[in-house]
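Heads up, the thing below is written out as structure tokens.
All of these numbers come straight from a predicted model, not from anything done at the bench. Side chains included, hydrogens not; waters and symmetry mates left out as well; all remaining heavy atoms used.
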Amino acid sequence: MVMNSMPECHRLRSACDMELTMFNHRISARPNVATEEVLVDEIPYPSKITKTKPLSLLGHGITDMEIHFIHVKFYSIGVYFEPEVVSHLQQFKGKPAKELEENDEFFDALISAPVEKFIRLVVIKEIKGAQYGVQIESAVRDRLAAEDKYEEEEEEALEKVIEFFQSKYFKKLSVITYHFPANSATAEIVVSLEGKEDSKYVLENANVVESIKKWYLGGSRAVSSTTIQSLASTFSVELSK
């Protein structure tokens, strides 16, 4: 009733302010410090962030699939590292991007480099948290079973991760982040949903943490080929300096 009595320009301004507030919340897993932005499928990612240390966006892409001849995009991905990560990859110096892209040993070295890593996912196609959890469960369980590392401890840890996602609903532009501290076998998972406080969970099982890293950064074994191509291209340039 009050809004109907407002002047037209005042109502429009209020609506714009409300929309801006909603948009800012949707990307609320944003870093502490942002500079320039990179658009990943029209979704803005800051090129630099600060967690424990300053991190740079060194790879990005999307997860997608063709369903009944329709190209469906699920979420965008941005991968951040300490710039010092390059010093741990000198054995690959001078390699062209295509060679790095096809070399799983390169991505194993990238995953194991003792530097801080941060992965930011932004939802493109809305999905239930339970569905996303099933994707993680299947990918992690299968990887660990193949490596003969899926024991009772891993099963329990994975169940807790699935439970964390279970009741959530990811609308478009919802944000999921994974923070991997340097020299630590833990991962902090944060979910940012519109209109709700951020949810956090700290995963402490080293094998499950490693398997999640491989799901996103594992070369030919990773969920997003475009992210792998982007990382290979970036590091080919960085390692040629």
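Between Thr186 and Leu203, every side-chain heavy-atom pair lies at or beyond the 4.5 Å cut-off. Side-chain contact check for Val190 versus His179: every heavy-atom pair is 4.5 Å or farther apart. When side chains are defined from C-beta on, Phe180 counts as touching Ile119, because their heavy atoms get closer than 4.5 Å. Looking at heavy atoms from C-beta onward, Glu163 lies out of side-chain contact with Val161 at the 4.5 angstrom threshold. Proximity of Asp64 to Val72: side-chain heavy atoms (C-beta onward) are nowhere separated by under 4.5 Å. The side-chain heavy atoms of Lys168 and Leu193, taken from C-beta on, include a pair separated by under 4.5 Å. At least one side-chain heavy atom of His88 sits less than 4.5 Å from a side-chain heavy atom of Val115. Side chains of Phe235 and Val86 form a contact here, defined as non-hydrogen atoms less than 4.5 Å apart.
Under the ring pair (Phe, Tyr, Trp, His ring centres under 6.0 Å) criterion, Tyr75 pairs with no residue at all, not counting sequence neighbours. Tyr201 is linked by a ring pair (Phe, Tyr, Trp, His ring centres under 6.0 Å) to Phe164, counting only residues two or more places apart in sequence or in another chain.
Cluster membership check: Leu39 does not share its hydrophobic cluster with Val175, using side-chain heavy-atom separations under 4.5 Å among Ile, Leu, Val, Met, Phe, Trp and Tyr. Grouping the Ile, Leu, Val, Met, Phe, Trp and Tyr side chains by contacts below 4.5 angstrom, directly or via other members, places Ile67 with Ile127. One hydrophobic cluster, built from ILVMFWY side chains closer than 4.5 Å, holds both Val38 and Ile43. The same ILVMFWY cluster, assembled from side-chain heavy atoms under 4.5 Å apart, contains both Met65 and Ile228. Connection of Val134 to Leu121 is not established within any shared hydrophobic cluster, with ILVMFWY side chains joined at heavy-atom distances below 4.5 Å, either directly or through further cluster members.
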Q | side-chain contact (heavy atoms from CB on, under 4.5 Å) between Asp198 and Val191, worked out | A | CA-CA 6 Å; Asp198 288 357; Val191 168; over 6 Å; no

Q) Does the salt bridge (charged side-chain N to carboxylate O under 4.0 Å, His left out) test come out yes or no for Glu126 and Lys172, once each step is laid out? A) CA-CA 5 Å; Glu126 61 183 44; Lys172 185 174 182 178; over 6 Å; no

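Remark: side-chain polar atoms of Ser138 are not paired, donor with acceptor, to backbone N or O of Gln135 under 3.5 angstrom. In terms of modelled atom types and a separation under 3.5 Å, the side chain of Lys93 and the main chain of Leu239 share a donor-acceptor contact. Distance alone, capped at 3.5 Å, is enough to place a donor-acceptor pair between the Lys117 side chain and the Ile111 backbone. Between the side chain of Ser224 and the backbone N or O of Ile62 there is at least one donor-acceptor pair closer than 3.5 Å. A donor-acceptor pair under 3.5 Å is absent between the side-chain atoms of Ser56 and the main chain of Leu58, judged by distance alone. The closest donor-acceptor contact from the side chain of Asp104 to the backbone of Ser220 lies under 3.5 Å. Glu99 contributes no side-chain N or O that, together with a main-chain N or O of Pro96, makes up a donor-acceptor pair within less than 3.5 Å.
Glu42 CD: 12 or fewer foreign heavy atoms inside a 6.0 Å radius. By the 6.0 Å contact criterion, CD on Glu152 is open, its count of non-hydrogen atoms from other residues, nucleotides or ligands being 12 or less. At most 12 non-hydrogen atoms from other residues, nucleotides or ligands lie less than 6.0 angstrom from NZ of Lys95. Residue Glu147 places its CD atom among more than 12 non-hydrogen atoms of other residues, nucleotides or ligands, all under 6.0 Å distant. The environment of Glu102 atom CD is dense: over 12 non-hydrogen atoms of other residues, nucleotides or ligands sit within 6.0 angstrom.
In this structure, Arg221 pairs ionically with Asp108, as a charged nitrogen and a carboxylate oxygen lie closer than 4.0 Å. A salt bridge does not link Glu116 to Lys53: none of the charged nitrogens lies less than 4.0 Å from a carboxylate oxygen.
For the residue pair Ser76/Asp41, the side-chain donor-acceptor check at 3.5 Å is not satisfied.
A cation-pi geometry, defined here as NZ or CZ lying under 6.0 Å from the six-membered ring centre and within 45° of its normal, does not hold between Arg120 and Tyr80.
Evaluation of the side chain to side chain donor-acceptor pair (under 3.5 Å) test over residues 229-239, restricted to residues two or more places apart or in two chains, returns Glu238-Lys241.
Ring pair Tyr132/Phe165 is perpendicular by interplanar angle, where above 60° counts as perpendicular and below 30° as parallel. Note: Tyr178 and Tyr216 have tilted aromatic rings, judged against thresholds of 30 and 60 degrees for the angle between ring planes.
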